[in-house]
Amino acid sequence: MTEPRQAHRLHILKVALDVPLDGVFDYLSEAPVQIGQRVVVPFGPRRQVGIVVDLADASDVAPAKLKSIIQYFDQEPVLDGEFFSLLKFCADYYQYPYGQALLSALPARLRQTEPARARQQFCYWLNSAGQAADISAIPVRQAVQRRIFAALRAHGRLNEAELAELSPGWRKGLAALRERGWIEEEQVYAGLGSTLHASSVQPELNEEQVLAVQSILQYRDTFRPWLLHGITGSGKTEVYIRLLQAVLEGNQDQALVLVPEINLTPQLEARFRTRLPQFPLVTLHSNLSESERLQNWRLAQTGAARIVIGTRLSVFTPLPGLKFMIVDEEHDTSYKQQDGMRYHARDVALVRAQRRNIPIVLGSATPALETWHNARNGRYGLLTLQQRAVSQSQLPQVNCVDVSRVQMQEGLSPQLLKALKVRLERGEQSLLFINRRGYAPVLLCNACHWIAPCMRCSSRLVVHLRQGFLRCHHCGHEQNIVRQCPSCGNADLHPTGNGTQRLEETLTRLLPEARVLRVDRDSTRRKHALSEMLSAVHVGEVDILVGTQMLAKGHDFPNLTLVGVLDTDSALFSPDFRAAERLFAQLMQVAGRAGRADKPGEVLIQTSFPEHQLFNALRVQDFAAYAASLLQEREVAQFPPCEFLALIKAEANEYGPVQRFLQFAADSARALGTDALVYDPVRPQMERLKGMERGQLLFQAATRQTLQIVLRQLTPQLRAHPLSNKIRWAVDVDPQEF
DNA sequence: TTAATAGCCCTG
DNA sequence: AGGGCTATTAAC
């Protein structure tokens with residue numbers, strides 16, 4: 001790791017820029033500059049933000065070409081060597097230009113040429129006059145003022161986040177107190193968190209949890225990946241908390257916790273904040289404003305934040321004291337970046353842990369097959385939590401309903417309807433899980449079987465009856481509902497199949513006494529809609545929840561005892577080899593929603609294939625057995641995790657150039673004499689998307705190294721190809737979607 | 001990627 | 001000649 005050096009007599013700077021070109025650019029510098037510093041440079045006719053990655057005293061570039069730095073951000077903390085080396089590794093591994101990789105890992109504010117200003121926040125306390133004052137001096141009607149005053153008395157110093165919890169109108173109240181001359185203030189780095197709700201209650205750990213904590217703590221300051229395999233409710237979070245406590249206590253070290261999406265961050269964050277109030281904590285996710293993001297990132301970079309909870313991008317956050325990492329729900333697909341540099345945050349985290357020589361814990365109830373494979377072959381330590389730590393509750397009973405053998409009523413089997421009625425009578429809650437939002441997935445002509453297609457995608461338009469339009473869920477295209485079949489002129493067009501809206505409608509009709517709530521992307525678009533809905537469920541204002549996969553994750557509903565699953569069969573025979581793995585993970589997760597407290601749960605799955613091994617494994621909640629059978633399939637097919645894949649994806653207005661470009665790629669790769677298996681260019685599932693014709697080229701190899709060798713030589717050839725600028729293309733190493 | 005400019009057809 | 005368009009090229 002390179003320490004920042006001063007440029008004394010050296011005056012050539014190697015600057016990385018956010019441009020899709022290999023290599024860095026040389027600039028002249030009049031002033032001393034440090035490696036890791038941000039600068040503004042002239043680049044062609046424009047100005048760009050750059051990062052100084054190296055210093056030199058000579059340049060290969062013609063002296064006349066060399067330009068000077070326009071601006072130095074020399075007041076900012078510099079980027080450290082670990083940041084450079086991790087992104088260098090990723091740029092190489094994922095075939096992405098180094099400069100772009102570096103810049104894309106920075107908060108947006110730092111990619112702009114304007115000086116970056118983080119949000120300034122203050123903390124407040126009572127000065128001696130305030131301490132001497134009495135609350136009776138504040139009129140009773142000034143409730144906010146009184147509350148703030150009382151809180152400052154009780155807690156000493158309060159930051160803005162803490163004050164905001166007291167009242168949304170805290171600024172006014174505080175201004176009034178300041179007016180009285182009672183307040184003292186100081187700039188503070190906010191986001192670090194609140195100690196208002198600190199809790200010192202340490203729940204008792206069960207044996208498995210104790211073993212997990214002890215095992216992991218045996219190997220500090222060593223690269224050691226652990227799979228913490230724990231079913232929903234088995235107490236993984238408590239294990240994380242104990243580990244963080246042990247790792248961070250009594251030092252200045254830092255820990256990074258990766259989470260899949262903002263959706264479940266608030267819960268984890270809240271628990272960490274109450275249980276670990278002694279460690280300043282910041283979050284990094286896309287819901288932050290840019291100034292908050294920059295501030296939190298800086299707190300991480302300077303070491304002020306001891307715990308960082310973040311989504312995939314935060315895996316690159318500079319953390320000088322990083323000693324421990326957690327990747328929660330490590331199987332989650334949102335860890336894979338699907339554009340730009342297509343990195344997998346879990347894999348990058350593993351690389352980072354290895355280079356830093358620190359332990360890393362991957363937690364999941366349904367690990368990715370890659371991770372499971374490594375745990376089974378001993379490369380990762382395997383720790384299992386099988387008991388449900390939350391209570392003495394039992395695992396849910398999983399049953400399949402064979403939909404080919406029963407008379408269905410608008411998508412609902414008699415068994416499922418009956419089960420719903422039973423919960424209604426008992427005053428318990430049910431969840432119906434259906435992965436299709438909208439009213440009906442297709443609009444069908446009964447006479448000629450024409451189906452309303454999307455003009456820009458290879459997909460069907462989904463009927464949104466209430467809003468009165470058809471919508472493509474892939475490109476967002478909307479149009480009025482067609483009244484007459486454009487193919488045969490028939491006016492007999494029917495919304496066919498079940499979506500969340502229709503299911504909601506059906507339930508309201510069949511079970512009029514039930515209070516039905518639909519939770520999908522459409523109904524939760526409003527800012528706090530989801531959390532409002534979830535709390536409505538919690539206080540018992542809802543009997544039946546109808547929802548998409550967004551309900552599968554991380555929400556506990558103690559009174560929920562039935563989960564019905566509709567329409568899963570498409571994933572069972574999907575051409576995507578990971579579809580079944582994902583379905584299994586999803587069903588395990590939904591099953592975990594049922595019967596969390598002392599009430600036993602039931603899961604009813606409607607399927608035409610009740611004997612499918614996936615359901616058999618689900619019935620006994622046996623991840624290991626199902627994983628073993630999947631692994632066997634993958635071995636035969638030579639698919640991951642047994643072998644490794646890379647994909648070149650390309651798209652353009654017409655398929656012709658896409659095909660020619662990919663054929664060139666295939667021919668060149670073969671000409672390079674690679675050991676990788678180079679397939680022929682094919683069209684993906686979704687042949688056309690957003691008006692673009694798509695194609696892809698698959699590479700398969702026994703080792704990552706083999707793929708790396710061929711891609712390293714091939715990518716520059718592709719960049720130089722005449723079609724390179726006419727089509728859109730990208731290399732996807734370890735692709736997740738095909 | 002961006003943006004300047006080279007080249008080209010067209011009109012007048 | 002000059003407008004308006006696309007293709008090409010350079011960027012430290």
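Just so it is clear: chains get the letters A, B, ... in the order the sequence lines come, proteins before strands, and each one is counted from 1. Every heavy atom of this structure was used, including side-chain atoms; hydrogens, water molecules and symmetry mates were not. Everything numeric here is computed off the predicted structure, so don't read it as measured data.
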Pairs where residues 729-738 of chain A contributes a residue and the test salt bridge (Lys or Arg N to Asp or Glu O under 4.0 Å) is met, not counting sequence neighbours = A/K336-A/D732, A/R342-A/D732, A/K649-A/D732, A/R704-A/D734
request  = Report yes if some heavy atom in the side chain of A/I35 is under 4.5 Å from a heavy atom in the side chain of A/D54; otherwise report no.
outcome  = yes
key: Results of side chain to side chain contact (heavy atoms under 4.5 Å, CB included) for A/A646 - residues two or more places apart only   = A/F699, A/L707, A/L711
ask   = Which nucleotide of DNA chain C is the first, and which the last, in the 5' to 3' direction, to come under 4.0 Å of a heavy atom belonging to chain A?
value = C/dT8 to C/dC12
All pairs passing ring pair (Phe, Tyr, Trp, His ring centres under 6.0 Å) where residues 701-738 of chain A contributes a residue, at least two apart = A/F577-A/F738, A/F661-A/H721, A/F661-A/W729, A/F664-A/H721
ask   = Will you find, in the side chains of A/T113 and A/Q48, an N or O donor that is under 3.5 Å from an N or O acceptor?
value = no
Are there any protein N/O atoms within less than 3.5 Å of an N/O atom in nucleotides 1-7 of chain B, and if so, which ones and at what distance?
residue	atom	partner	partner atom	Å
B/dT1	O2	A/R46	NH2	3.4
B/dT2	O4'	A/R46	NH1	3.2
B/dT2	O4'	A/R46	NH2	3.4
B/dT2	O2	A/R46	NH2	3.2

inquiry  = Going by salt bridge (charged side-chain N to carboxylate O under 4.0 Å, His left out), name the residues that satisfy it together with A/D92, two or more places apart in sequence or in a different chain.
reply    = A/K88
query = Is the charged tip of A/R38 near the ring of A/F73: under 6.0 Å from the six-membered ring centre and within 45° of its axis?
reply = yes
